[in-house]
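Chain naming here is simple, since letters A, B, ... match the order of the sequence lines and numbering starts at 1 in each.
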Amino acid sequence: MAENFRAPRGTQDFVPPESGRLNELEARIHVLAARFGYREIRTPVFESTELFVRGVGAQTDIVEKEMYTFADRSGRSLTLRPEWTAPVVRAALEHHLFALGPLRLYYIGPIFRYERPQKGRYRQSHQFGVECFGFPGPEADLEVISLAWELVRGYGIDDAVLNLNSIGDERCRPAYRDALIAHFSPHLAEMSEESRLRIERNPLRLLDSKDPVDVPYVQSAPALESFLCAPCREHFDALKSYLDLAGIPFTINPRIVRGLDYYGRTVFEITSSVLGAQSSVCGGGRYDGLVQSLGGPDVPAVGFALGMERFLMMLQARDSQAQAPRRGLQAIALGAQARTVLAPIVAELRRTLEAPTFADYLERKLLAQLKIADGNRARYALILGSDELAAGEAVLRDLEHRSDRRVPLGSIRVLVELLVEAGL
RNA sequence: GUGACUGUAGCUCAGUUGGUUAGAGCGUCGGUCUGUGGAUCCGAAGGUCGCGAGUUCGAUUCUCGUCAGUCACCCCA
């Protein structure tokens, strides 16, 4: 199949019925976020490149090799949004939203990362996320985690796991870094090449190594938890008991480190086994220093980002073939004359009914049209042929109970009332 | 960015030790059934065998390149 054009590598089209599932997910997200008192923010799909370099961190993979960066016609360096947090903070600063006190925002839309695509990883993907600004305490951490967990729970997904960790703050993390370096340095010669590189760039990442060679050294490494300073420990302990009280199960996972520079204290991840190597569907944490580092006031913040494609994959793994309930009506005209009579009725039904009205305008037999009605999962069929035309009536067939009844065609209004009464 | 595997009809896949007209199931369309539905049976349409080059008398088959997909690494949503 030599199509001339294809979607660019790593991008995908959402066609029915997948587009419908995405739509439904978005609708639920809007309702859920509103229930938690969050309001939506939309920002441009591209921003100044410098915003991401400063916001995400110059040493991160995102900035070093994954950004879609281009120069516009006047030579400005712009970048397609690789993540939402920095733009949200930028916009909040630009519109002085922090002056109003604590701020709760959510976003939903595409991000772009130049990566090698594979299952659950795309160059354009869609994220839903929330940012909660202005609360330094663990209540805010609980709030955003609950919100994410509600979404998962609301869909009845049972194999999702909440992983939790604290990576300390700028007071205690340096000491832990030093301790890690001190622990690993004597053994570097026997460890993986990967780890030798990591110790320079991000010693915390050593803990993440899956290389069997490294395992003994990782296991004997000092635990971060024992290095937490008193305030960080207190924060972490409080969050854990809050989660217990809220009935949200979690696993302490010291290997969750987060790749973006701005995280501190709480970090968490929701994972699912159905996603394969990209098991993380939602990741977030606290980033108290970010607003200030982007030139704003000292505003604490916590939030998460959730991958919508991956979320949909979880849903599909769960209920692959649940049949949609029947809904709406299929208008069936047999012959040209019946079509002319039915066309204005279809128009009126579409103005009036909330359920969908389906219609096919080809010259087809009744059998074929009923098959189409089935495909559309219509609840009723309104059949108009020469017999009915002569009698000034139509046949209203209940496709679920397989029963017919005749309805008068004279008044469209009466017909509509009948249909509404019938549950449309 | 690295490595491995894959690429034949709308979908899932056969197949050709290189040889005239490339197959099946599902789906679509039509008939069976002048007008009552996810079934049966019959039939039809639908393919530059991802794209390009090379080897060869001849390539869908072999080789190389390229594009795309899958998986792992890296990293993340």
Side-chain angles (χ1 to χ4, degrees), chain A residues 1-12 15 56 60-66 82-85 107-129 148 192-195 197-198 201-202 205 208-211 256-260 263 267 269-272 275-284 304-314 323 326 330 332-335 338 362-389 395-404:
Chain A
M1 143 198 51
E3 242 104 276
N4 284 325
F5 292 107
R6 293 178 163 191
R9 182 163 208 207
T11 66
Q12 56 178 177
V15 299
V56 180
T60 57
D61 273 24
I62 288 181
V63 169
E64 279 184 345
K65 52 185 203 191
E66 294 176 3
E83 62 106 39
W84 275 86
T85 301
Y107 55 81
I108 187 163
I111 61 157
F112 305 85
R113 291 184 196 172
Y114 190 87
E115 294 186 277
R116 186 106 167 228
Q118 62 186 72
K119 192 166 201 154
R121 172 189 293 169
Y122 308 96
R123 289 184 171 180
Q124 171 173 353
S125 77
H126 297 79
Q127 289 189 344
F128 154 58
S192 68
E193 195 178 336
E194 198 69 50
S195 293
L197 292 173
R198 277 175 170 176
R201 300 185 50 200
N202 189 347
R205 282 237 155 261
D208 211 11
S209 176
K210 289 160 197 141
D211 197 313
I256 296 188
V257 180
R258 306 268 84 203
L260 280 51
Y263 286 106
V267 290
E269 212 169 84
I270 295 175
T271 58
S272 164
L275 299 177
Q278 282 71 45
S279 62
S280 173
V281 69
C282 174
F304 68 76
L306 178 143
M308 313 235 332
E309 284 83 358
R310 290 185 187 177
F311 195 88
L312 290 175
M313 282 166 63
M314 283 199 319
Q323 205 161 49
R326 288 185 177 279
Q330 178 89 33
I332 298 178
L334 303 170
L362 300 180
E363 186 60 54
R364 292 190 214 259
K365 307 206 158 176
L366 179 61
L367 184 77
Q369 301 226 44
L370 284 168
K371 282 182 176 171
I372 289 170
D374 257 337
N376 287 332
R377 298 292 301 160
R379 175 67 209 276
Y380 293 96
L382 186 68
I383 304 167
L384 186 60
S386 50
D387 296 358
E388 291 82 4
L389 215 47
V395 168
L396 181 64
R397 180 167 179 78
D398 183 329
L399 293 170
E400 187 141 332
H401 299 117
R402 294 172 176 259
S403 61
D404 288 353

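Atom CD1 of residue A:Ile256 and atom CD of residue A:Glu269 lie 4.5 Å apart, to the nearest 0.5 angstrom. Between atom CD1 of residue A:Ile270 and atom CZ of residue A:Phe311 there is a gap of 8.5 Å, rounded to the nearest 0.5 Å. To the nearest 0.5 Å, atom CD of residue A:Gln12 and atom NE2 of residue A:His126 are 8.5 Å apart. For the atom pair CD of A:Glu400 and CZ of A:Arg377, the computed distance is 8.0 Å after rounding to the nearest 0.5 Å. Put simply, CG on A:Asn376 and NZ on A:Lys371 are 14.5 Å apart, with the number rounded to the nearest 0.5 Å. Between the CZ atom of A:Arg116 and the CZ atom of A:Arg123 there is a distance of 9.0 Å, given to the nearest 0.5 Å.
Distances from the side chain of A:Ser125 to the nucleotides B:A77, B:U36, B:A72 place B:A77 closest. Checking B:G35, B:C73, B:G38 against every side-chain atom of A:Arg377, the shortest atom distance belongs to B:G38. Of the candidates B:A77, B:G1, B:G35, the closest approach to any side-chain atom of A:Tyr114 belongs to B:G1. Nearest to the side chain of A:Asp404, among B:U36, B:G37, B:C74, sits B:U36. Nearest to the side-chain atoms of A:Asp374 among the listed nucleotides B:A77, B:U36, B:G37 stands B:G37.
An OP1 or OP2 oxygen of B:G37 is reached within less than 4.0 angstrom by no side-chain nitrogen or oxygen of A:Gln369. Checking the phosphate oxygens (OP1, OP2) of B:G31, a side-chain nitrogen or oxygen of A:Lys365 falls inside 4.0 Å.
Rounded to whole Å, atom C1' of B:A77 lies 14 Å from atom CD1 of A:Ile256. Rounded to a whole Å, the CG atom of A:Leu367 is 9 Å from the C1' atom of B:G35. The distance between atom CD1 of A:Ile62 and atom P of B:C74, rounded to the nearest whole Å, is 17 Å. Taking atom CG of residue A:Asp398 and atom C1' of nucleotide B:U36, one finds them 13 Å apart after rounding to whole Å. Look at CD on A:Glu115: it is 9 Å from P on B:A77, rounded to the nearest Å. Atom C1' of nucleotide B:A77 and atom CG of A:Leu275 are separated by 10 Å, given to the nearest angstrom. Put simply, NZ on A:Lys371 is 10 Å from P on B:G31, counting in whole angstrom units. If you take OH of A:Tyr263 and P of B:C75, they are 16 Å apart, rounded to a whole angstrom.
Of the possible donor and acceptor atoms, one in the side chain of A:Gln369 sits under 3.5 Å from a partner among the backbone N and O of A:Ala333. Judged by distance alone, the side chain of A:Glu388 and the main-chain N or O of A:Gly385 form a donor-acceptor pair under 3.5 Å.
In the region residues 305-312 of chain A, proximity to RNA chain B at under 4.0 angstrom, judged on heavy atoms, holds for A:Ala305, A:Gly307, A:Arg310.
Separating the C1' atom of B:A39 from that of B:U32 is a span of 13 Å, rounded to the nearest Å. The gap from the P atom of B:C67 to that of B:C51 amounts to 15 Å, rounded to the nearest Å. Going from the C1' atom of B:U17 to that of B:C62 covers 12 Å, rounded to whole Å. As rounded to the nearest Å, B:A68 and B:G50 have C1' atoms that lie 7 Å from one another.
Ring orientation note: the planes of A:Trp84 and A:Tyr107 are close to parallel, at an angle under 30° on the 30°/60° scale.
Across all strands, A:Gln330 comes closer than 4.0 Å to no nucleic acid atom at all (heavy-atom distances). If you check every strand for non-hydrogen atoms under 4.0 Å, A:Gly375 touches nothing.
Taking a pair as Watson-Crick or G-U with both hydrogen-bonding distances under 3.5 Å, the stems of three or more pairs touching RNA chain B are B:1-7 with B:67-73, B:10-13 with B:23-26, B:28-31 with B:41-44, B:50-54 with B:62-66.
Comparing A:Leu366 and A:Lys65 against RNA chain B, the residue whose closest nucleotide sits nearer the 5' end is A:Leu366. Nearest-nucleotide positions on RNA chain B for A:Ala378 and A:Arg364 put A:Arg364 closer to the 5' end.
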Polar-atom pairs under 3.5 Å, protein N or O versus N or O of nucleotides 65-69 of chain B: list them with distances, or write none.
unit_1: B:G69; atom_1: OP1; unit_2: A:Gly10; atom_2: N; d: 3.2
unit_1: B:G69; atom_1: OP2; unit_2: A:Arg9; atom_2: NE; d: 2.8

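By the 4.5 Å heavy-atom criterion applied to side chains, A:Leu370 and A:Leu399 are counted as neighbours. Put simply, the side chain of A:Arg397 does not reach to within 4.5 Å of the side chain of A:Ile332, judged on heavy atoms. Annotation: side chain of A:Pro82 is in contact with side chain of A:Ile62 (closest heavy-atom distance under 4.5 Å). Under the 4.5 Å side-chain criterion, counting only non-hydrogen atoms from C-beta, A:His401 is in contact with A:Arg379.
The base of B:C75 lies close enough to the side chain of A:Arg121 for a donor and an acceptor atom to sit less than 3.5 Å apart.
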